[in-house]
Asker: 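Got a structure here, written out as structure tokens. Questions coming.
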Amino acid sequence: MNKVLMQGNNVIAEAAIRAGCRFYAGYPITPQNELCEYMAEHIRKVEGGVFIQSESEIAAINMVAGASAAGVRAMTSSSSPGISLKQEGISSMAACELPGVIVNIMRGGPGLGNIRPSQGDYFQATRGGGHGDYRVIVLAPATCQELADLTMDAFDLADNYRTPAMILADGMMGQMMEPVVFKEPKRRQYPERYMLKGAGEGKSRFIKGLILDQSDMEEHNWKLDRKYQVIMKNETRFEVYRAEDAELMIVAYGTAARIAKGAVKRLGDSNLKVGLFRPITLWPYPSSELREFSRKIKNFIVFEMSTGQMLEDVRLALQGFADIDFYGRPGGVVPTPAELANVIIHRYKKSSKKKELC
Amino acid sequence: MKKVFGRPHSLKTSVFHYCPGCGHSIAHRITCEVIDELNIRGITIGVPPAGCAVLAYFYFDVDMIEAPHGRGPAMATGIKRVLPDRVVFSYQGDGDLTAIGIAESFHAANRGENITVIFINNAVYGMTGGQLAPTTMLGQKTTTSPLGRNASLDGYPVKLSELLVPLPGTTYIERCAVNSPANILKAKKAIKKAFQCQMEGNGFSLVEILSPCPTNWKMSAVDSCKWIDEVMTKVFPLGVIKDTPAAGKKTGKTEKEENAG
Amino acid sequence: MLVKTIFAGFGGQGVLMMGFSLSHCAMSEGYEVTFLPAYGAEMRGGTANCTVAIGDEEIASPISSEPNYIVVMNTPSLYSFQNKVVSGGVLFINSSIIKSEPRRKDISFYKIPSSEIAEQIGNSRASNTVMMGAFIQKTGIVSPEAYLKSLESVMGSKKKNVMDINRKAFASGYEYMSRLL
Ligand code: SF4
């Protein structure tokens with residue numbers, strides 16, 4: 001077992017190469033540049049590895065689409081504004097059922113925003129992001145080890161379901177270093193029949209997203225939807241922490257979940273019973289798993305580094321079975337665990353007072 | 001009896017949906033003839049555009065993947081880099097190539113991507129109903145230049161082929177037309193040369209084809225052919241624009257080998 | 001155990017190297033660790049800082065609410081960070097550059113003239129390693145031997161004499177701190 005201390009952005013790149021990614025195209029944008037730079041240095045060292053610094057984010061995602069169609073594992077990465085530019089290509093890959101991995105190292109927004117860590121792209125990531133009726137598998141790692149593991153898994157998921165998958169992290173995760181052990185990647189299982197390599201002696205094929213006939217288009221939409229239903233059934237992931245006797249539960253993902261865990265730990269010695277629910281897949285969202293907890297726990301606090309986006313999924317999941325409070329720090333602000341702990345104490349007291357009144 | 005003329009093998013039997021007198025059908029056909037002559041049907045991958053030729057895969061009997069509007073050269077880059085021994089071409093219109101996709105075109109050319117672009121220039125946006133394109137003639141009436149293209153408001157016709165000449169990555173660029181039998185033969189020769197150029201690893205090649213769009217020009221097919229000669233070629237002169245195969249020559253090394261020096 | 005430390009100073013003082021080498025060493029010693037550098041615009045302004053969290057268990061938050069230790073290499077860092085350190089925590093001050101003292105009374109602080117010491121041993125750039133000597137002497141998070149081993153491996157291919165200077169620098173800082181205590 002070989003432990004290495006590596007920066008998050010580099011971890012993603014290394015994990016991708018180990019997972020068999022042989023094509024990377026990207027465009028510089030802070031705070032994910034190290035990923036692009038790592039790829040430039042390392043992917044060309046492996047047989048068949050291709051690196052292109054593209055002229056734009058749009059070009060990058062379309063190159064990835066082309067490489068994916070040609071039969072290799074392909075990836076691009078960017079940060080928030082760049083991910084907006086990629087949406088055209090992501091939508092088109094979803095339509096054409098092309099696998100591929102997109103990494104979003106989120107920064108403050110909207111607009112150019114800033115380069116600080118943020119979670120403002122949750123809606124964009126989990127609702128498809130571009131135009132049309134589709135979804136993207138969204139994985140939200142919270143540690144460098146998960147950056148490695150989930151990057152590898154993202155390639156498998158993308159292949160299995162022939163759909164784009166996204167790693168959604170933020171500037172802090174991209175810059176942070178933690179010890180990482182790279183697991184042995186699974187062997188790629190992607191049938192040749194989906195690859196476009198020239199017709200040879202056989203029938204020619206085409207890959208397209210334009211379906212002019214509305215009933216054919218409808219059928220294509222339902223076909224995609226059936227696939228999404230399977231993903232929703234089989235691929236949700238989450239972590240719970242100190243949930244056994246919790247009376248209040250924090251719901252947070254990614255960096256926010258790390259801070260929340262710190263806060264929950266701080267409160268460990270107090271008599272407050274606080275747990276943490278951390279979705280690892282943001283789409284599909286672990287809704288029923290979260291709802292299970294509302295049988296016993298009646299107070300939830302959603303904590304995000306945004307003004308409240310995942311909050312909507314928590315509301316949808318809990319369906320009114322519990323009270324939901326929200327605490328957010330948007331704009332690139334990263335609160336400390338102590339700050340969050342204070343918020344929790346305050347709300348905890350409020351909710352127990354409410355209980356007494358009832 | 002010896003057969004002297006027939007449908008190219010790499011052209012499917014489906015009936016073209018293009019308007020009568022449209023240049024696309026001819027451009028498709030001669031491209032397929034070239035594919036047959038070079039015997040590369042099995043190793044060719046085409047990238048059709050958004051626009052009237054979006055359904056090109058109904059006609060070309062080669063592997064194809066549709067690109068979003070303007071992104072053909074990026075898509076073709078991705079394919080060619082992964083499969084360097086295939087013949088990869090992108091087929092694009094003037095709006096696709098010189099407006100929304102100019103960055104992708106320019107940079108694929110500048111990287112010397114070893115691909116071929118077939119560039120259909122008909123001076124309008126065809127499929128969307130004849131709007132002003134970057135290649136629209138000065139004074140030409142379109143649905144978005146109802147009084148005629150006015151240089152001070154709409155800018156000048158873009159001569160993309162000429163713009164790509166100074167880039168060392170480009171090796172073969174020719175402008176042709178499909179408005180007369182002689183021009184069609186020349187266009188076919190140019191496409192063949194461009195494909196050969198790619199097969200020899202010479203880098204980026206592009207064949208611009210002035211192509212009639214009688215529907216949006218609001219002319220008869222015959223008048224459209226004349227208009228190409230009388231108006232279009234004055235701004236877009238026909239002929240070889242660049243032919244320097246050595247400049248962008250690929251080493252044939254993989255990226256791994258290149259990387260190792 | 002869970003110890004959080006912030007290293008702060010000018011860009012170019014090797015502040016990130018201090019945090020990185022400590023993190024590397026903690027990892028090698030089997031601890032859980034996170035290394036969080038401040039990045040982006042604040043780097044351009046010429047200041048740098050990083051947070052290192054070291055613990056026996058999984059590190060919950062890489063962000064520190066109240067670090068146990070803060071090492072400041074320049075005056076602005078003293079002002080920015082002195083209020084963050086936990087009550088009872090320790091501040092390490094590069095007194096060659098920082099002339100003022102922290103105002104807080106509930107923490108202890110040590111003044112180490114690390115730049116001067118580094119100059120004396122012949123390389124002013126080793127000031128960060130001098131400080132690490134003092135830091136490890138006081139905190140004992142890792143052993144001096146283990147730290148030097150990690151430092152050598154993170155400095156990688158750099159010339160041998162660079163490592164020799166750093167060894168000397170580390171030893172001087174370590175010694176200085178022993179005498180202070
Ligand atoms: S609109 Fe013009 S370009 Fe399109 S098919 Fe008709 S003639 Fe051809």
Asker: Are there over 12 heavy-atom neighbours, none belonging to Leu181(C), within less than 6.0 Å of that residue's CG?
Answerer: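 More than 12 heavy atoms, drawn from other residues, nucleotides or ligands, come within 6.0 Å of this atom.
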Asker: So, using ring-ring contact (aromatic ring centres under 6.0 Å, His included) as the criterion, who are the partners of Tyr27(A) when residues are at least two apart?
Answerer: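 Counting only residues at least two positions away or on another chain, Tyr27(A) forms no ring-ring contact (aromatic ring centres under 6.0 Å, His included).
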Asker: Does Met177(A) reach the side chain of Phe20(C), with side-chain heavy atoms less than 4.5 Å apart?
Answerer: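 Side chain of Met177(A) against side chain of Phe20(C), heavy atoms only: contact under 4.5 Å found.
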Asker: Out of curiosity, Cys25(C) SG to Leu5(A) CG, how far, rounded to the nearest 0.5 Å?
Answerer: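 Spacing of SG (Cys25(C)) from CG (Leu5(A)) equals 11.0 Å.
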Asker: So which bits of residues 108-133 of chain C come within less than 4.5 Å of chain A, counting non-hydrogen atoms only?
Answerer: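 Residues qualifying by a heavy atom under 4.5 Å from chain A are absent, so none.
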Asker: Pick whichever of Arg258(A), Met172(A), Met176(A) has the most heavy-atom pairs under 4.5 Å with chain C.
Answerer: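 Looking at each of Arg258(A), Met172(A), Met176(A) in turn, Arg258(A) comes out on top.
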Asker: For chain C, which residues of residues 261-274 of chain A have at least one non-hydrogen atom nearer than 4.5 Å to it?
Answerer: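 Listed by number: Lys261(A), Gly262(A), Lys265(A), Arg266(A).
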Asker: I'd like to verify something: which residue of Val334(A), Ile259(A), Thr336(A), Thr255(A) has the highest number of heavy-atom pairs under 4.5 Å with chain C?
Answerer: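 Looking at each option in turn, the highest pair count goes to Thr336(A).
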Asker: Heavy-atom count check: over 12 atoms from other residues, nucleotides or ligands less than 6.0 Å from Lys183(A) NZ?
Answerer: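 Result for NZ/Lys183(A): enclosed.
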Asker: Would you say NZ of Lys45(A) has more than 12 non-hydrogen atoms from neighbouring residues, nucleotides or ligands within 6.0 angstrom?
Answerer: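 Counting neighbours around NZ of Lys45(A), more than 12 heavy atoms of other residues, nucleotides or ligands fall under 6.0 Å, so yes.
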Asker: Over all heavy atoms of both residues, which pair between Val33(C) and Glu178(A) is shortest? Give the atoms and the distance, please.
Answerer: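 Scanning both residues completely, I find the closest heavy atoms to be O-CG, 3.5 Å.
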Asker: Nearest 0.5 Å please: distance from the CE atom of Met6(A) over to the CZ atom of Phe35(C).
Answerer: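 The distance works out to 14.0 Å.
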Asker: Can you tell me which portion of Pro117(A) sits under 4.5 Å from chain C's heavy atoms? Options are side chain, backbone, both or neither.
Answerer: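 Both parts, backbone and side chain.
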Asker: Which members of residues 63-88 of chain C, sorted by number, sit under 4.5 angstrom from chain A on a heavy-atom basis?
Answerer: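 Interface residues of residues 63-88 of chain C: Ile63(C), Ser64(C), Ser65(C), Glu66(C).
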Asker: If I measure from the heavy atoms of chain A, does Ile59(C) come under 4.5 Å with its side chain, its backbone, both, or neither?
Answerer: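 Both parts, heavy atoms under 4.5 Å.
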